[in-house]
Amino acid sequence: MSVELAPSILAADFANLAANAQAALEGGGSLLHVDVMDGHFVPNITLGPPVVASLRKATPAILDCHLMIENPDQFVAPFAEAGATWISVHQEACVHLDRTLRLIADHGCKPGVVINPATPVHTLDHVLDLVHHVLVMSVNPGFGAQKFIPGSLEKIAALAKIRVQRGLSYRIEVDGGVDLTTVASVVRAGAELLVAGNAVFGKGDIRANAAALLKAARSATQMHA
Ligand code: DX5
Ligand code: ZN
């Protein structure tokens, strides 16, 4: 599976969101990661369906909506109607995870499941055949520009191994602290969807930042191949 860059718009300038997002896509991003926070599941508040609807009008790109919210079932339909392409929910927030993932698929979106740094991979054993992607948090969710948690690498590697052993096809996404110093290690562990906020939008030229990160990721795959 080829590596793809998913710029996280949380670090973008919301006053120039469409232009920032377009620059990140032109730099090599192939989907946009959209962080939704409700101030309950995580100690921060970001955006809702209206921002997704505006983004959808501005770009045909895949919108990878990462729901860091309680009661995600309530919001699957509004995000799907707003134009979300992928919707991922936290294992830690879903009492009926199987039902929630099926609900996302029923609304025509690709379902993803997310695990926090402290949550073991085996909690997903009974839903890995249901999901399009698994998102491994490499920071505790709620904020951008945090330090990468190295323990995430063994979880990514475990998911890559299980995928082969069980003949499954879910994609492996990593989120949090992915930058030029950590991208090679996550790719070598088996991640192919690389979320990056601060490393793309933080400082300097957005296009150049995205291109440099994707280049570093791809050269890590070549070295690993
Ligand atoms: C954190 C979010 C991440 C964050 C990544 O809770 O889920 O997507 O925006 O930002 P960086 O790449 O700056 O760590
Ligand atoms: Zn995220």
Side-chain angles (χ1 to χ4, degrees), residues 3-14 17 20-21 24 27-48 51-52 55 61-70 72 75 79 84-93 104 109-119 131-153 155-156 171-187 191-204 206 209-210 212-214 216-217:
V3 292
E4 293 185 60
L5 180 63
S8 165
I9 62 159
L10 182 64
D13 170 7
F14 277 30
L17 187 54
N20 275 206
S30 50
L31 58 148
L32 294 172
H33 184 80
V34 181
D35 290 308
V36 177
M37 303 180 188
D38 66 352
H40 293 283
F41 181 72
V42 288
N44 197 0
I45 296 174
T46 56
L47 56 94
V51 175
V52 171
L55 261 180
I62 291 172
L63 299 180
D64 168 29
C65 296
H66 174 193
L67 304 191
M68 289 160 273
I69 66 174
E70 290 175 354
F75 294 95
F79 279 104
T85 320
W86 302 355
I87 296 178
S88 55
V89 294
H90 273 258
Q91 183 276 343
E92 304 87 0
I104 294 169
C109 295
K110 301 269 188 208
V113 63
V114 193
I115 46 175
N116 282 336
T119 304
V131 295
H132 167 264
H133 56 288
V134 178
L135 174 50
V136 175
M137 290 305 302
S138 41
V139 296
N140 288 296
F143 304 94
Q146 297 184 80
K147 202 167 173 316
F148 180 84
I149 298 173
S152 318
L153 296 172
K155 295 167 79 173
I156 294 167
R171 306 194 68 190
I172 301 171
E173 188 172 23
V174 59
D175 185 9
V178 175
D179 61 21
L180 289 173
T181 66
T182 57
V183 70
S185 60
V186 296
V187 167
E192 71 252 9
L193 299 168
L194 313 173
V195 177
N198 207 55
V200 171
F201 297 106
K203 60 181 186 309
I206 295 171
N209 292 343
L213 198 54
L214 188 57

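This is a predicted model, so every value here is computed, not measured. Nothing fancy with the numbering, it's 1 onward along the sequence. Indexing begins at 1, ligand by ligand and atom by atom, following the structure's order.
- With hydrogens and angles ignored, the 3.5 Å screen pairs no side-chain donor or acceptor of E70 with any backbone N or O of A93.
- Of the polar atoms of G177, at least one N or O is found under 3.5 Å from an N or O of ligand 1, judged by distance alone.
- For ligand 1, none of its N or O atoms has an N or O atom of M37 under 3.5 Å away.
- Residue A196 places a heavy atom less than 4.0 Å from ligand 1.
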Run V186 and E173 through side-chain contact (heavy atoms from CB on, under 4.5 Å) and show every step you take. CA-CA 10 Å; V186 296; E173 188 172 23; over 6 Å; no
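- Only the side chain of L10 comes within 4.0 Å of ligand 1, counting heavy atoms alone; its backbone N, CA, C and O stay farther away.
- For atom 5 (C) of ligand 1, the nearest non-hydrogen atom from the set N44, T46, D175 belongs to D175.
- D35 contributes atom OD1 as its closest N/O/S atom to the Zn ion (ligand 2).
- The Zn ion (ligand 2) lies at the vertex of an angle of 100° between the NE2 atom of H33 and the ND1 atom of H66 (rounded to 10°).
- Those atoms of ligand 1 with a heavy atom of H33 less than 4.0 angstrom away are 8 (O).
- At least one donor-acceptor pair under 3.5 Å links the side chain of N20 to the backbone N or O of D13.
- For a threshold of 3.5 Å applied to N or O pairs, the pair formed by A145 and ligand 1 contains at least one separation below that value.
- From the protein, the heavy atom lying nearest to atom 12 (O) of ligand 1 is G197 N, 2.8 Å.
- Close contacts between ligand 1 and G144 involve ligand atoms 10 (O), 13 (O) [criterion: under 4.0 Å to a heavy atom].
- The line from CG of L47 to CG of L10 is 8.0 Å long, rounded to the nearest 0.5 Å.
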Output, in order, the C-alpha distance, side-chain angles, deciding distance and verdict of side-chain contact (heavy atoms from CB on, under 4.5 Å) for V52 and V34. CA-CA 8 Å; V52 171; V34 181; 4.1 Å; yes
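- Atoms of ligand 1 lying under 4.0 Å from at least one heavy atom of G176, given by number and element, are 14 (O).
- T85 and D64 form no side-chain donor-acceptor contact under 3.5 Å, judged by distance and modelled atom types alone.
- Residue D35 has at least one heavy-atom neighbour below 4.0 Å for each of these atoms of ligand 1: 2 (C), 3 (C), 4 (C), 7 (O), 8 (O), 9 (O).
- The Zn ion (ligand 2) lies closest to atom OD2 when only the N/O/S atoms of D175 are considered.
- Formation of a donor-acceptor pair under 3.5 Å by the N209 side chain with backbone atoms of A212 is not found in this model.
- The backbone N or O of P117 lies less than 3.5 Å from a partner atom in the side chain of K155, making a donor-acceptor pair.
- Remark: minimum distance from atom 1 (C) of ligand 1 to any protein heavy atom is reached at F143 O, 3.4 Å.
- Close contacts of ligand 1 with G142, meaning ligand atoms under 4.0 Å from a residue heavy atom, involve 1 (C), 6 (O).
- Between H133 and W86, the ring-plane angle classifies as tilted under the 30° and 60° cut-offs.
- Remark: ligand 1 atoms within the under-4.0 Å shell around heavy atoms of V195 are 8 (O).
- The ligand atoms of ligand 1 that sit less than 4.0 angstrom from a heavy atom of N198 are 11 (P), 12 (O), 13 (O).
- Separation of atoms CG (N116) and OG (S138) is listed at 11.0 Å; rounding is to 0.5 Å.
- Taken to the nearest 0.5 Å, the CG atom of L213 stands 7.0 Å off from the CG atom of L194.
- Atoms of ligand 1 lying under 4.0 Å from any heavy atom of H66, numbered from 1 in the order shown and given with element: 7 (O).
- Panel note: side chain S30, backbone E4; no donor-acceptor pair is recorded below 3.5 Å.
- Heavy-atom separations between A11 and ligand 1 are all 4.0 Å or longer.
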